[in-house]
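Right, one structure below, let's go through it.
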Amino acid sequence: MHYQSLGAALLSTAAVYLAAAEPVLIGKYPAKIVPEQISDIRLPENGIITDLAPEDTRLKKGDTIAIINKEQTAQDREDMELDLARERISKKDEIRKLEAQRRQVTFYLSLSEGERRYNTDFQGKDQLPTPDSLKDIDERMELLQRELATLERRKKREFDLKHDKLTISMPFDGQLQYNVPLPESAEERANGFTLPENNMRTFATVCDDSAYYITIPMADGANSLLDEQLFSVEIALPAGKKLTGRFAQRKVERAGNGDALIYYFRIAAEEHDKAFRMLGSRYTATLLYEAEGEVLRVSKAKLAAHPQAARCETWEQLVQLAHPGYSILIIGAADIVLCRTPEAE
């Protein structure tokens, strides 16, 4: 009776914590702001940079960010086309000679035995034409044509492998930000410029700004079993403002020597410009949970003041004494959220 009366007394004093619409503070977590996608742009080689996209602008997938050694690429293309033109002429000359030879063989084979004695095309040769000779000529002509086609494909593939990477393009729609010092002169940018040889920094960063998220690690296994759709986060900003996010997804990501469960909270579209400026910085986010149904939020400090608290090893044991018929739903930073057990209903 004594324990039950104490529990009833605490239950009545804790009634002020019944607030179904008010989210429960779970705790504070290290947080980052991340876009839908982000990618570092590195130059494949140093050279003369031209066709630079405007700074801090939004581009479409495939738009050109910059071109390296544009004039040299044009010269290499001319050289390749000249080499291929020479090869075409050479191969066509060989094919024309074979075609002439084929006409001679065809004419020779069309003659009678007597007429062949007067044909001068093959006099003095060790081997006279046969029907197989035509087949051999056809195969040689086909081989020359295949060699020419293969050479053209190989030359063009080698050119593309060398030069395609020199046109730096957007991997997706999004914002572009340069990470290297660029010439202030518009004329210098237009004519081309080079970066210092020892400049190993990332040339630019592009981010998919279709969505931004606040991310936090979820290390507490008990919290990871709650209804994730009821989670939200807040980051305090100057002047009493805050940046908020609603749960969007969870991912297991590599962190240090192991894996970590990361929760993503989507930021409202009207806050995207603010989120973009916050990229790269570290923050502390407050994790909140909007508990549903009949719940009781109890202060940890008041619960710890229970006369029998010293005899309890866990919060669960203390809750059974102070609040019969309730079980723990959430253990937050300052409060514990309880829910009615099915047996007590």
According to a hydrophobic-cluster definition based on side-chain heavy atoms being under 4.5 Å apart (Ile, Leu, Val, Met, Phe, Trp, Tyr only), do [X] and [Y] belong together?
X    : Y    : result
Y289 : L25  : no
I214 : V252 : yes
V180 : L166 : yes
I67  : F159 : no
L288 : I216 : no

Please answer whether the main-chain N or O of [Y] pairs with a side-chain N or O of [X] as donor and acceptor at a distance below 3.5 Å.
X    : Y    : answer
R266 : Y213 : no
T64  : A66  : no
N69  : I49  : no

Taking all atoms of both residues into account, what is the closest heavy-atom pair of [X] and [Y], and its distance?
X    : Y    : value
R189 : E55  : NH2-OE2, 3.0 Å
A304 : A309 : O-CB, 3.3 Å
L59  : A53  : CD1-CB, 3.9 Å
L237 : K242 : CD1-C, 3.8 Å
P129 : L109 : O-CD2, 3.7 Å
K162 : K165 : O-CE, 3.5 Å

Exercise for the section: Take I330 and L226 through the test side-chain contact (heavy atoms from CB on, under 4.5 Å) and record every step on the way to the result. Expected result: CA-CA 8 Å; I330 305 168; L226 296 171; 3.7 Å; yes
Is [X] salt-bridged to [Y], cutoff N-O under 4.0 Å?
X    : Y    : result
D173 : K61  : no
R58  : D209 : yes
E81  : K155 : no
R88  : E152 : yes
D63  : K60  : no

Does [X] reach the side chain of [Y], with side-chain heavy atoms less than 4.5 Å apart?
X    : Y    : value
Q177 : F276 : yes
T284 : I235 : no
W315 : I336 : yes
E158 : L161 : no
L329 : L338 : no
F231 : I26  : yes
V233 : Y263 : no
C207 : Y212 : yes

Nearest 0.5 Å please: distance from the [atom1] atom of [X] over to the [atom2] atom of [Y].
X    : Y    : atom1 : atom2 : result
S210 : E36  : OG    : CD    : 4.5 Å
I168 : F203 : CD1   : CZ    : 7.5 Å
R86  : L82  : CZ    : CG    : 5.5 Å
I328 : L296 : CD1   : CG    : 11.5 Å
E99  : T106 : CD    : OG1   : 11.5 Å
K28  : T286 : NZ    : OG1   : 3.0 Å

With a cut-off of 6.0 Å (strictly less than), are more than 12 heavy atoms of other residues, nucleotides or ligands near [atom1] of [X]?
X    : atom1 : result
E187 : CD    : no
E270 : CD    : yes
F193 : CZ    : yes
E147 : CD    : yes
I48  : CD1   : no
R154 : CZ    : yes

Completion exercise
salt bridge (Lys or Arg N to Asp or Glu O under 4.0 Å) filter on R254, not counting sequence neighbours, yields D259
Exercise for the section: Kindly indicate whether a cation-pi arrangement holds for R250 with Y264, taking the cut-offs as under 6.0 Å to the six-membered ring centre and within 45° of the axis. Expected result: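 Because its charged atom misses either the 6.0 Å distance or the 45° angle limit, R250 does not stack over Y264.
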Exercise for the section: May I ask you to check if K32 and Y283 form a cation-pi contact, with NZ or CZ under 6.0 angstrom from the six-membered ring centre and within 45° of the axis? Expected result: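 No, K32 and Y283 do not form such a contact.
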Handout entry: Aromatic plane relationship, H323 with Y326 - under 30° parallel, 30 to 60° tilted, over 60° perpendicular
Key = perpendicular
Side chains of [X] and [Y]: donor-acceptor distance under 3.5 Å anywhere?
X    : Y    : value
E115 : S112 : yes
N179 : T205 : yes
T50  : K70  : no

Fill in the blank from the handout: With Y178 as partner, the option from I41, T202, L52 fulfilling side-chain contact (heavy atoms from CB on, under 4.5 Å) is L52
Quiz: residues 130-141 side-chain donor-acceptor pairs under 3.5 angstrom, not counting sequence neighbours:
residue: T130; atom: OG1; partner: D132; partner atom: N; Å: 3.3
residue: S133; atom: OG; partner: T130; partner atom: N; Å: 3.0
residue: S133; atom: OG; partner: T130; partner atom: O; Å: 3.2
residue: D138; atom: OD1; partner: R102; partner atom: NE; Å: 2.6
residue: D138; atom: OD2; partner: R102; partner atom: NH2; Å: 3.2

Practice task
Start with the C-alpha distance between I65 and M170, add both sets of side-chain angles, then the distance that settles side-chain contact (heavy atoms from CB on, under 4.5 Å), and finish with yes or no.
Solution key: CA-CA 7 Å; I65 297 174; M170 283 290 291; 3.8 Å; yes
Exercise for the section: Using ring-ring contact (aromatic ring centres under 6.0 Å, His included) as the criterion, list what pairs up with F172, not counting sequence neighbours. Expected result: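 Result, ring-ring contact (aromatic ring centres under 6.0 Å, His included) vs F172: none returned.
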Exercise for the section: Carefully, step by step, assess S327 and V319 under the rule side-chain contact (heavy atoms from CB on, under 4.5 Å). Expected result: CA-CA 7 Å; S327 61; V319 165; over 6 Å; no
Exercise for the section: Start with the C-alpha distance between L318 and T314, add both sets of side-chain angles, then the distance that settles side-chain contact (heavy atoms from CB on, under 4.5 Å), and finish with yes or no. Expected result: CA-CA 7 Å; L318 188 52; T314 64; over 6 Å; no
